[in-house]
Amino acid sequence: MITVLFFAGLEEKAGVSKVEVDFSGKTIKDLKSWAESTYNLGEGTLEHMLTAVNEEFAYDRDQIHPNDTVAFIPPVSGG
């Protein structure tokens with residue numbers, strides 16, 4: 001099992017802040033597709049989000065391992 005965290009506006013769109021799923025052995029890209037479909041986020045919504053695995057930035061091609069924590073983080077803007 002892995003833990004998936006949704007932050008800020010993603011939490012509101014998904015309706016959850018945290019879920020646990022069995023996604024070991026798949027990639028971040030696979031997880032993004034699953035999350036977009038499962039939580040009706042819209043195709044491509046997570047494409048521009050930052051992704052962290054165990055508090056380190058990750059890429060779509062990175063593989064997910066058992067007990068990982070994956071966080072989807074919307075970009076921050078400021079002035």
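For the single chain, residues carry numbers from 1 onward in sequence order. Predicted model, so just to flag it, every value in this text is computed and none were measured.
Residue pairs that meet the side-chain hydrogen bond (donor to acceptor under 3.5 Å, both in side chains) test with at least one member in residues 44-54, sequence neighbours left out, are Asn54-Asp68.
To the nearest 0.5 Å, atoms OG1 (Thr27) and CD (Gln63) are separated by 8.5 Å. Once rounded to the nearest 0.5 Å, the distance linking CD of Glu12 with CZ of Phe7 reads 14.0 Å. Summarising the geometry, atom NE2 belonging to His65 is positioned 15.0 Å from atom NZ belonging to Lys26; distances are rounded to the nearest 0.5 Å.
Val4 belongs to a hydrophobic cluster whose remaining members, ordered by chain and number, are Ile2, Phe6, Leu10, Val16, Val19, Val21, Phe23, Ile28, Leu31, Trp34, Tyr39, Leu41, Leu46, Met49, Val53, Ile64, Val70, Phe72; membership requires side-chain heavy atoms of ILVMFWY residues under 4.5 Å apart, directly or through intermediates.
Of all heavy-atom pairs between Ala8 and Pro74, the closest is CB-CG, 4.0 Å.
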